[in-house]
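The structure appears below as structure tokens.
Proteins get letters first, then strands, A, B, ... in listed order; numbering begins at 1 in each. Every heavy atom of this structure was used, including side-chain atoms; hydrogens, water molecules and symmetry mates were not.
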Amino acid sequence: MSETTTLGVSHDKLGMWVFLGSDCLLFGALISTYMLYKDRIGPTDLGPEEMFDIPFTSVSSFVLLMSSLTVVLAITALRRNDIRRSRIWLLSTAILGAIFVGGQVYEFTAFYREGLGYTTNLFGTAFFTLTGFHGVHVTVGIIFLMSMYIQSMRGKLTSAQEERLEIIGLYWHFVDVVWIVIFTIVYLFPQ
Amino acid sequence: MTTVENKEIEESWVKQDWVYIKTALILGFFTAIEVFTYFESVHKAPEWLMVTTLSFLMVVKFFLVAGVFMHLKDDNSIFTKMMTLGMCIAWPVYFIMAFALGFLPDWNVIIKVLFLFLPPGVAGFWLGFSFKGGDGGHH
Amino acid sequence: MTIVESEETPLELESAGGQPPAEKPLGAFTRPQGGNGWKDWLFTVDHKKIGIMYGAAGLLFFVIGGIYALFMRLQLSRPGNSILSAETYNQVFTMHGVVMVFLAAIPLGAAFANYLIPLQIGARDVAFPRLNAFSFWVFLGGGLFLLSSMFIGGWWENSPDGGWFAYSPNTGVLFSPSKGIDFFAIGLQITGIASLVGAINLIVTVLNMRAPGMTLMKMPILTWMLFIVQMLLLFAMPVISVALFLLTFDRLFGANFFNVAEGADPLLWQHLFWIFGHPEVYVLILPSFGVISEIIPTFSRKPIFGYPFMVFSGIAIGFMGWGVWAHHMFASGVGPVAVAAFSVSTMFIAVPTGVKILNWLATMWGGRIRFTTPMLYATAVVAMFTIGGLSGVTHSLAAADSQQTDTYYIVAHFHYVIFGGIILGFFGGFYFWWPKIFGYFLSEKIGKSSFWVMVIGFNLTFGPMHILGLQGMSRRIQTYSSGQGFDLWNLVATIGAFMIAIATAMFIGNVIVSRKAFKAGKTPAPGPDPWDARSLEWMTASPVPEHNFDETIHVEKQDEFWHRKWGKNEEGQVVRRATAEEVAHDGSNTNVHLPSPSYWPLVAAIGLPIIGYGLIYNLLLCVLGGLFVLGGLYGWVFEPVDDPNADNHDHGDGQDSYAELETAEVTNASEDTTIE
């Protein structure tokens, strides 16, 4: 079917890639804003160095990284029409994503308790906005994955619809890639 | 379809899954190295060394996920091109903004220009070189 | 790529009508059937109807933006006038800029893109017909949301007043306490979504739905320019989205992005805005370049001069447009290195634009030119844009620019490129494609006279502004005192502005009069190819039938349609091979499968302005709006497939192109069909 389009790829997949290309610019702008503002804190405020809990964030980064693995396993399982396995991998991807978002919520509340609110200073504003945007992307991905899971339970997700899952997988990997960048630049770079 | 063929297909799938699992293991290993830099003794290393190492690991992880998990490695090149185009624009634009707003170190002008234009230049050269005005066809 | 060489095979695909889907899908509703009247327009997914709606909405907003301009000119006609107060004047020039750029010029470009891209590449529709409808309704909702700021909470109480550029910290709550900037930020956010979605859609269409044989370098220049525009929108829209998000968060949730008291850098806004804003300038101008690149060859009866140079100069403009944004900020203190670098890059970008102007002139050179109304407009664009382009080069010299900043010289410059370059080009495009789109000619007599009124009025309005600016008259100030030498030229400019208004009214009158004359049988039907034109959209009946073409067109040459009509004889002279009527499809094939209309794009789009009102007034409304969006999207995804034979995967989006029809041909292929 997709062999008959001009480039030999389906519209949907090309559309997703075009969108991802554009999303690079979105996160680029947000990361630049964060880099500009991360050191602009009041004299008594806590800065990124004191705030970040690297071991904790490392674990949640690892969780998100592994969810990229589970989603490709779901896709290959679906491709060979192994519905049961694809369902398991799909669900575990969504759960791993949810753990990541949960970790982020925990991190946000911990920061808030330590005195860093959204409006406290420029570091807080920029940090919460950047990671919040990423969190929203992950949440949207979880909604996609759960919709696919429900479709699968209704028996509507077979190897014929493999490409749909692949496209959602692309989105999911992209969100993961963005986190790889954020984790390094925001958390690991020397403050 | 005979059972032999079936078995062969089955095996190729297992192989494919193994590629993914191995990639994930490598990614996990790199993440572990990254986190290792956080420990006190390493953390005292000079800043430029830390930033270079971490950036290198980040780029490797980026390419692994994009190449293997998003199968850019062996998919139609138009997808890689779309992504490259986005990065080619984002890279110089945001770094020029960063230099103009003064939150990047005050490097030598030559280093600045190389840093700004070399990566997108190389990628852009590839984009231009592979433009045939044709309809792409299969990779 | 499979190429089927059985050229004239009629398309064999069963029509969609009849059989309901075998199984009741999750979506409770069926898809609307292609009806008639208003419902047909409301739920349509046809790229031609959506294009027409974009055009109508764009023209409406153009008139509204023009009315703002007339009020400004009335206020400035005499020194010390008091028609508008300082506050209202701020609001009026803000709304004039916002409406003209975001609600008139972008959608008019989108109108040409939606209507013409699929036709010029020989496709059935765009890649995602429902997304196309969605982006139109989102755009319209965002536009009306923005305009509603005039009425909500009192007359002119909550109108945006920060200029279309909305520089921070002037747009913070401290300096702009009304809700105007909230409406501005959220309204533009919504129209931005529309542009982004539309861009994705059209990029996939151009890349993936070209007729067999139509390589990228055989596409008409208009399609090329519109494709570059979509690329620019694709990458520029996220940047303005981020800027607007930051502004919205500042104003609604007390974030600090532009809070100078906390140490924020207001230049961040300027950078983000102009990183978007400069590519945006090319988003506006390139469609018009494309339009006149179709008109000039047609009426010069010559192929476009230097086709590859036209294409690559367009690509060059698209790329270089990303590297000149700080020339809007020479006076903001960006530092000497940045000023010097951006000064040079701005001078460079004049080169590809100059290449284009040269190519248009060379196309006309030695041609047998017919000065019809579209051609008049096209030549006017070349002349007026050159003036605007040259005054633009004077801005690239930073030293001169610091004198010109914030004077009427700048206003004169960008109106020469925006009005002289874009709006004149679009009017030319209207006269050119009107017979194709609506099936009747616009009166040449009224067209030519309105052209002269418009061009003279335009030069009277903006020509004197060069002088005013160099004399030192500041822009964005609601009045001036007499005795500074500003009085005469301001009066002239006001008279000119009203001439533009008259010319616009003449155009609208022309539409009504010409339609009546055609209905009464006084003017002939245009036929498929009234101008002896070159590209594929003229190869089907006028007005274009709903299914575009009767059969797949196999393209061999650039200007394929022209080459089917004309060829060289043995002596090398160009002679007619066939008439347009012989070559063109008559639209009689009723068996082409069409995507069904859909309710859901409209439902999902309505949710966005509701969320917008919710953010400003009551967060509960956001929940309602969110339900609309979510419900709309779920209804969309689970909507029944309109064609029981279609692949379940696709829901009638995309694969209803001729590409699928190719599959049908391949399966029915007879023995002599070779597949490569």
Side-chain angles (χ1 to χ4, degrees), chain A residues 1-33 36-37 39-42 45 117-126 128-130 132-133 143-144 147-148 150-151 154 156 158 160-164 167, chain C residues 1-2 26 121 127-128 131 196-197 199-201 203-212 214 233-239 241-243 245-246 249-250 253-257 259 262-265 268 271-272 275 630 634 637-638 647-650 653-655 657-663 666:
Chain A
M1 154 207 75
S2 61
E3 297 298 309
T4 55
T5 58
T6 312
L7 296 174
V9 296
S10 82
H11 296 327
D12 297 5
K13 200 169 161 188
L14 184 55
M16 178 50 90
W17 271 109
V18 171
F19 167 73
L20 295 183
S22 137
D23 231 22
C24 293
L25 276 278
L26 183 103
F27 279 105
L30 287 167
I31 292 172
S32 309
T33 307
L36 175 64
Y37 283 158
D39 299 324
R40 301 198 182 182
I41 50 175
D45 292 350
Y118 187 56
T119 57
T120 310
N121 52 31
L122 275 165
F123 162 61
T125 298
F128 286 121
T129 306
L130 170 59
F133 259 91
I143 295 172
F144 283 159
S147 306
M148 293 313 277
I150 293 166
Q151 282 294 82
R154 293 176 68 237
K156 292 279 181 63
T158 57
Q161 287 89 30
E162 177 262 327
E163 200 190 61
R164 269 200 221 178
I167 290 165
Chain C
M1 161 93 220
T2 41
L26 189 66
I121 61 173
F128 310 105
L131 268 187
L196 184 65
V197 171
I200 294 173
N201 198 347
I203 288 171
V204 175
T205 307
V206 172
L207 285 177
N208 223 10
M209 292 183 73
R210 278 165 283 143
M214 176 165 283
L233 280 173
L234 179 77
F235 295 125
M237 277 301 157
V239 188
S241 282
V242 169
F245 272 128
L246 304 188
F249 293 164
D250 258 19
F253 310 130
N256 297 314
F257 290 111
N259 182 356
E262 286 282 349
D265 195 337
L268 175 68
H271 276 292
L272 289 178
I275 288 174
L630 264 184
Y634 270 95
V637 173
F638 296 119
D647 184 347
N648 185 31
H649 155 73
D650 219 78
D653 269 4
Q655 258 73 18
S657 63
Y658 288 113
E660 181 167 275
L661 309 179
E662 291 283 300
T663 335
V666 173

Measuring heavy-atom distances to chain A, does [X] have an atom under 4.5 Å in its side chain, in its backbone, in both, or in neither?
X	answer
C/Leu272	side chain
C/Asp265	both
C/Phe245	side chain

Do you know which two heavy atoms are closest between [X] and [Y], and how far apart they sit?
X	Y	result
C/Ile200	A/Gly15	CG2-O, 3.7 Å
A/Ser147	C/Tyr634	OG-OH, 2.6 Å
C/Ala255	A/Thr125	CB-CG2, 3.4 Å

With heavy-atom distances below 4.5 Å as the criterion, would you say the side chains of A/Gln151 and C/Phe638 are in contact?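 Yes, close enough: below the 4.5 Å cut-off.
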Side chain, backbone, both or neither of [X] within contact of chain C (heavy atoms, under 4.5 Å):
X	value
A/Leu14	both
A/Phe27	neither
A/Ser32	neither

Heavy-atom donor-acceptor pair, [X] side chain to [Y] backbone, under 3.5 Å:
X	Y	answer
A/Thr6	C/Arg210	yes
C/Asn256	A/Asn121	yes
A/Tyr37	C/Phe257	yes

From [atom1] ([X]) to [atom2] ([Y]), nearest 0.5 Å:
X	Y	atom1	atom2	answer
A/His11	C/Leu207	NE2	CG	10.5 Å
A/Ser10	C/Asn208	OG	CG	7.5 Å
A/Thr129	C/Phe249	OG1	CZ	6.0 Å
C/Ile275	A/Leu25	CD1	CG	9.0 Å
C/Leu233	A/Ser22	CG	OG	10.5 Å
A/Phe19	C/Leu196	CZ	CG	7.0 Å

Out of A/Thr119, A/Leu26, A/Leu122, which one racks up the most heavy-atom pairs below 4.5 Å with chain C?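 Most pairs with chain C among the choices: A/Leu122.
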